[in-house]
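Taking it in order: structure first as structure tokens, then the write-up.
When reading the values below, keep in mind they use all heavy atoms of this one structure, side chains included, and skip hydrogens, waters and symmetry mates. Whatever order the structure lists them in is the order used to number ligands and atoms, beginning at 1.
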Amino acid sequence: MNIVLLGAPGAGKGTQAAKLVEEYELPHISTGDMLRAAVKEGTPLGKKAKSFMDAGDLVPDDVIIGLVTERLQGKDTEKGFILDGFPRTSAQAVALDAELSKLGRPLDAALLIDVDPEVIVNRLTSRRMCKECGYIGTIADETCPKCGGEMYQRDDDNEATVRNRLDVYEKSTAPLIDYYRGCDLLVAIDGDRDPAVVYADVKKSLGL
Ligand code: AMP
């Protein structure tokens, strides 16, 4: 199962990816998580990416395409993968197609988690994440309900940056919906529901 997750920031891609990964034991390739890890470790990639991320802008295509292309070479992706947060531009989608056709592993679906932008502003500004396990929760979670770890707010989850991320999404990433519709790969799900209900719909729509 080779899947790309589409949807605005905060639509629930990470939450749905975590569920798919747990149930089907597929590698979760989240470019946002990879970049945040690089920033935390202070690598050259992290240093380059940080200012873009803090502003809610996209990291340059060449940087991110190189990162994902290398990750797809990993042996673990042979049984399938969930790509979360990539592609985000047409250039990334074209590069992904080229790489997957080279590997002989075409996409099975582009899954769109669809949520209204105003719902997203509220969701993201009250989102909190676990420092230890990456669990995605809300401001109501004082500690992580999964592992007891400390919860924190992402640097880019403040309202001004969230609004910029939504603008960037509309301009650069939303056109990919038509791109994947044209490839007959688009599966659209209403993401403005309880995560468990969304997940049941995800599985049904993917024929799982
Ligand atoms: P995310 O966790 O997916 O919301 O990503 C957080 C931030 O990382 C984004 O706002 C971008 O600055 C950067 N980022 C993640 N994935 C990509 C991508 N595919 N292309 C460019 N920038 C990205």
Side-chain angles (χ1 to χ4, degrees), residues 3-18 20-21 27-72 81-100 107 110-115 117 119-131 133-137 151-177 179-180 191:
I3 291 176
V4 156
L5 286 176
L6 291 177
K13 299 187 298 294
T15 300
Q16 296 303 318
L20 284 168
V21 163
H28 178 195
I29 307 179
S30 157
T31 43
D33 285 352
M34 289 162 90
L35 291 171
R36 276 184 291 281
V39 169
K40 203 168 155 192
E41 285 162 26
T43 65
L45 167 68
K47 289 194 176 116
K48 191 163 183 185
K50 187 169 181 354
S51 56
F52 294 99
M53 296 172 77
D54 284 349
D57 290 329
L58 295 181
V59 170
D61 279 336
D62 57 335
V63 174
I64 205 86
I65 288 169
L67 189 72
V68 172
T69 306
E70 195 184 315
R71 179 64 186 85
L72 285 170
F81 53 81
I82 311 285
L83 260 175
D84 168 7
F86 183 97
R88 262 179 154 100
T89 64
S90 303
Q92 293 178 19
V94 169
L96 177 65
D97 280 351
E99 184 59 25
L100 291 178
L107 284 178
L111 185 66
L112 170 67
I113 316 280
D114 205 8
V115 178
V119 173
I120 284 186
V121 174
N122 280 331
R123 266 195 195 182
L124 283 186
T125 51
S126 60
R127 178 165 76 175
R128 299 293 181 273
M129 284 173 80
C130 174
K131 271 191 176 162
C133 73
Y135 172 82
I136 304 166
M151 301 294 282
Y152 77 104
Q153 183 176 32
R154 273 173 49 170
D155 290 345
D156 56 354
D157 276 350
N158 63 78
E159 185 165 345
T161 309
V162 164
R163 293 210 181 265
N164 186 44
R165 287 161 68 201
L166 287 171
D167 285 348
V168 169
Y169 173 78
E170 279 306 325
K171 212 168 75 198
S172 302
T173 311
L176 297 184
I177 296 170
Y179 175 83
Y180 285 115

query = Looking only at non-hydrogen atoms, which of Arg88, Lys50, Met53 approaches atom 5 (O) of ligand 1 most closely?
reply = Arg88
ask   = Applying a 4.0 Å heavy-atom criterion (strictly less than), which segment of Lys13 is in contact with ligand 1: side chain, backbone, both, or neither?
value = neither
query = From Asn164 CG over to Asn158 CG, what is the distance, rounded to the nearest 0.5 angstrom?
reply = 10.0 Å
task = Check ligand 1 against Thr31 and write out every atom of the ligand that is under 4.0 Å from a heavy-atom position of the residue.
result = 15 (C), 16 (N), 17 (C), 19 (N)
ask   = Hey, which atoms in ligand 1 end up nearer than 4.0 Å to a heavy atom of Arg165?
value = 4 (O)
ask   = Lys48 and side-chain contact (heavy atoms from CB on, under 4.5 Å): which partner among Thr43, Val63, Leu35?
value = Val63
key: Location of contacts on Leu35 toward ligand 1, heavy atoms closer than 4.0 Å   = side chain
query = Could an N or O of ligand 1 be found under 3.5 Å from any N or O of Asp156, whether backbone or side chain?
reply = no
inquiry  = Tell me the closest heavy-atom pair linking His28 and Ala17, and the distance in Å.
reply    = NE2-CB, 3.4 Å
ask   = Is there a donor-acceptor contact under 3.5 Å from the side chain of Lys13 to the main chain of Leu6?
value = no
task = Give a yes or no on whether the backbone of Arg88 and the side-chain of Gln92 come within a donor-acceptor separation of less than 3.5 Å.
result = yes
inquiry  = Working to the nearest 0.5 angstrom, can you tell me the gap between Arg127 CZ and Gln153 CD?
reply    = 9.5 Å
request  = Any atoms of ligand 1 less than 4.0 Å from a non-hydrogen atom of Gln92? List them with their elements.
outcome  = 18 (C), 19 (N), 20 (N), 21 (C)
Those atoms of ligand 1 less than 4.0 Å from some heavy atom in Arg36 = 2 (O), 6 (C)
request  = Go through the steps for Asp157 and Arg165 under the test salt bridge (charged side-chain N to carboxylate O under 4.0 Å, His left out), then give the verdict.
outcome  = CA-CA 9 Å; Asp157 276 350; Arg165 287 161 68 201; 2.9 Å; yes
inquiry  = Looking only at protein heavy atoms, which one is nearest to atom 22 (N) of ligand 1, and what is the separation?
reply    = Val59 N, 3.1 Å
ask   = Considering only heavy atoms, does Leu58 approach ligand 1 within less than 4.0 Å through its side chain, its backbone, both, or neither?
value = both
request  = State the CG-OH distance between Leu176 and Tyr169, to the nearest 0.5 angstrom.
outcome  = 8.0 Å
query = Do any nitrogen or oxygen atoms of Gly85 lie less than 3.5 angstrom from nitrogen or oxygen atoms of ligand 1?
reply = yes
inquiry  = Under 3.5 Å between any N/O of Arg154 and any N/O of ligand 1: does that happen in this structure?
reply    = yes
Donor-acceptor contact below 3.5 Å, side chain Lys50 vs main chain Ala38 = no
ask   = At under 4.0 Å between heavy atoms, which part of Asp57 makes contact with ligand 1: side chain, backbone, both or neither?
value = backbone
